[in-house]
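See structure below.
The first residue in the sequence is number 1, and the count goes up from there. Whatever order the structure lists them in is the order used to number ligands and atoms, beginning at 1.
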Amino acid sequence: MHQPAITGTGVFTPSQIITNDELVVAFNAYVDLFNAEHADAIAAGDIPAKTHSNADFIFAASGIEQRYVLDKEGVLDPTRMFPRFRERADDEPSLMAEIAVKAATTALEQAGRTAGDVDAVICAASNMERAYPAMAVEIQQLLGIEGFAFDMNVACSSATFGIQQAADMIRSGSARSVLMVNPEITSGHLEWRDRDCHFIFGDVCTAVLIERAEDATGIRFDIVDTRLLTQFSSNIRNNNGFLRRTRPYGVEDRRDMQFMQEGRKVFKQVVPIVATLMTAHLADNGIAPEDLKRMWLHQANKSMNDLIGKKVMGREPTRDEQPNILQDYANTSSAGSIIAFSKHSDDFEPGDLGVICSFGAGYSVGSVIVRCAGA
Ligand code: COA
């Protein structure tokens, strides 16, 4: 068995930012338009009036201050409320592939590698731009990688599940170097017209290179162990899919064709599942919580992370032990824990231990214990 190691990471961050204040101004303008347009039905009691959003609530409930998006104008247009992307020809790079190539290029550079060194590509994300061909195969082709590629979707846990697949391939020898990318265009499946969740998501792409430890040319993080768990729940759900047109009213503008969640239930149910899994995973590897230098958690909600951190450490973790990036990026689905890892791991010394942990729809939880092995 070969030792797998993370040898490079990359983050592609879109250039456009939406602050909470900007988001709320657009949302409230949409609400006013909606209520005026449906004044008679609202007065008759047929439909409820929509209610304004509030930037103070958003920050207090989530810890989010802003989000990056690929198209700000479409999202903030109160007569539209979703991004506007140019239709691309079939022989042009697709949008997911384009941002994946940007993040992947950074990861390869950091690892001191070129496309020729990579054997496989995994595109792990919470939504794919099309049904087929697989996004990963297009990314493979754009980068000039030989070998094989495939897509996988475990919603917000896609990246840690992807790391485990890559680590297993390295361990067994079926691949020597695996590029795992997480292009998350969450603005495409967020319902920006729903006050309960319109502030949650942002766009980004992350990339992680996983190689045999002995092949590393620079700083590497050995993958000590991985653990995955899934448990079915509809509390985070999106009903969009290829059978849509077969069903009555299937192609209408329906709320359930975008991200939906029972936020309170998710919060209450997922926190103990994650804390229990992380605690057992560390214990089974003979690692005490105080041995950890850092936890890079999924970035959905600050209070959720505070609570998980407290349960795992047995005390409140410091900001250094549990850094958040969600104040700047919002929830970027599977990419969140990888952004945190990428931006907060430069200070690791050989022997330092950390855990990358993501969680979300499914429910799903993925935990990856890493040890810095230096250069
Ligand atoms: N502006 C102002 N008020 C709002 C609002 C908004 N944008 N959205 C909701 N509210 C109101 C609600 O109507 C409710 O009012 P009420 O008490 O009068 O009924 C109140 O604020 C609380 O709403 P609630 O939805 O219960 O908020 P919350 O504290 O649970 O926070 C989330 C909402 C989504 C931030 C939180 O539940 C969460 O983060 N859950 C976990 C999400 C998660 O991790 N999902 C995984 C995806 S990977």
Side-chain angles (χ1 to χ4, degrees), residues 18-32 34 48-67 75 81 124-127 153-161 182 184-187 189-204 206 229-238 258-275 297-309 324-327 329-340 357-366:
I18 300 179
T19 65
N20 288 347
D21 284 338
E22 289 174 301
L23 187 72
V24 166
V25 166
F27 180 86
N28 291 349
Y30 156 74
V31 165
D32 293 343
F34 179 92
K50 287 192 185 283
T51 320
H52 278 183
S53 184
N54 179 303
D56 292 337
F57 168 86
I58 293 171
F59 179 65
S62 67
I64 296 164
E65 296 175 33
Q66 61 168 45
R67 69 282 301 139
V75 168
M81 304 294 280
S126 57
N127 259 292
N153 172 1
V154 201
C156 289
S157 300
S158 298
T160 49
F161 276 59
N182 320 105
E184 290 288 4
I185 308 178
T186 63
S187 60
H189 53 102
L190 174 57
E191 182 47 272
W192 297 92
R193 297 168 296 184
D194 183 340
R195 180 177 90 131
D196 289 343
C197 68
H198 75 117
F199 53 88
I200 287 182
F201 285 120
D203 298 334
V204 81
T206 48
L229 176 87
T230 49
Q231 185 181 301
F232 187 68
S233 167
S234 286
N235 288 332
I236 312 170
R237 194 170 169 115
N238 182 332
Q258 277 75 249
F259 166 88
M260 304 181 288
Q261 78 165 345
E262 295 279 348
R264 284 266 153 131
K265 286 187 188 162
V266 172
F267 194 110
K268 273 199 190 136
Q269 293 168 3
V270 170
V271 167
I273 299 172
V274 176
L297 299 183
H298 173 49
Q299 302 285 314
N301 180 297
K302 182 179 180 303
S303 311
M304 208 169 175
N305 283 5
D306 289 349
L307 210 53
I308 291 168
N324 283 328
I325 53 87
L326 61 83
Q327 63 281 1
Y329 281 85
N331 182 346
T332 49
S333 195
S334 69
S337 58
I338 305 299
I339 304 173
C357 182
S358 57
F359 41 87
Y363 296 135
S364 56
V365 189

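In terms of protein heavy-atom proximity, atom 25 (O) of ligand 1 is closest to D196 OD1, 4.7 Å. Among protein heavy atoms, the minimum distance from atom 12 (C) of ligand 1 is reached at R195 NH2, 3.6 Å. Residue, atom and distance of the protein heavy atom nearest to atom 48 (S) of ligand 1 are C156 SG, 2.9 Å. Looking at atom 32 (C) of ligand 1, its nearest protein heavy atom turns out to be N301 ND2, 4.4 Å. Among all protein heavy atoms, the one lying closest to atom 43 (C) of ligand 1 is Q261 OE1, 3.5 Å. Annotation: atom 22 (C) of ligand 1 to nearest protein heavy atom, F57 CE1, 3.9 Å. Annotation: atom 26 (O) of ligand 1 to nearest protein heavy atom, R264 NE, 3.1 Å. The nearest protein atom to atom 40 (N) of ligand 1, hydrogens excluded, is given as G263 O, 3.1 Å; this is a heavy-atom distance.
Not one N or O on the side chain of N182 forms a donor-acceptor pair closer than 3.5 Å with the backbone of A125. Using modelled atom types, no side-chain atom of N127 and backbone atom of E184 make a donor-acceptor pair closer than 3.5 Å. A distance-only check finds a donor-acceptor pair linking the side chain of N305 to the backbone of H298 [under 3.5 Å]. In this structure, the side chain of Q299 engages the main chain of I325 through a donor-acceptor pair within 3.5 Å. Checking side-chain atoms of N324 against main-chain N and O of L326 turns up no donor-acceptor pair under 3.5 Å. Of the possible polar contacts, none joining the N331 side chain to the F201 backbone as a donor-acceptor pair under 3.5 Å is found.
Heavy atoms only, all atoms of each residue included: S53 and N28 are closest at N-OD1, 2.8 Å. Among all heavy-atom pairs drawn from N301 and A61, the shortest one is ND2-O, 2.8 Å. Here the closest non-hydrogen pair linking T19 and R67 is C-NH1, 3.5 Å.
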Could you pull out every donor-acceptor pair under 3.5 Å between side chains of residues 262-273 and any protein atom, sequence neighbours left out?
unit_1: Q269; atom_1: OE1; unit_2: N235; atom_2: ND2; d: 3.1
unit_1: Q269; atom_1: OE1; unit_2: Y363; atom_2: OH; d: 2.6

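Side-chain atoms of S158 and S334 form no donor-acceptor pair, as typed in the model, at a separation below 3.5 Å.
Protein heavy atoms all stay at least 4.0 Å away from atom 19 (O) of ligand 1. Not a single protein heavy atom sits closer than 4.0 Å to atom 16 (P) of ligand 1.
At a heavy-atom distance under 4.0 Å, atoms from both the backbone and the side chain of A61 approach ligand 1. Looking at V270 against ligand 1, nothing comes within 4.0 Å, counting heavy atoms. With a 4.0 Å cut-off on non-hydrogen atoms, I236 touches ligand 1 through its side chain and not its backbone. At a 4.0 Å heavy-atom cut-off, ligand 1 touches S53 through backbone and side chain alike.
Looking at ligand 1, you won't find any N or O of S62 less than 3.5 Å from one of its N or O atoms. Not a single N or O atom of F201, backbone or side chain, sits closer than 3.5 Å to an N or O atom of ligand 1. For ligand 1, the polar-atom distance check against N331 finds no nitrogen or oxygen pair separated by under 3.5 Å.
For ligand 1, the atoms closer than 4.0 angstrom to any heavy atom of H298 are 48 (S). Using a 4.0 Å cut-off to heavy atoms of A300, the atoms of ligand 1 that qualify are 44 (O).
Among residues two or more places apart in sequence or in another chain, the salt bridge (Lys or Arg N to Asp or Glu O under 4.0 Å) test is passed with K50 by none.
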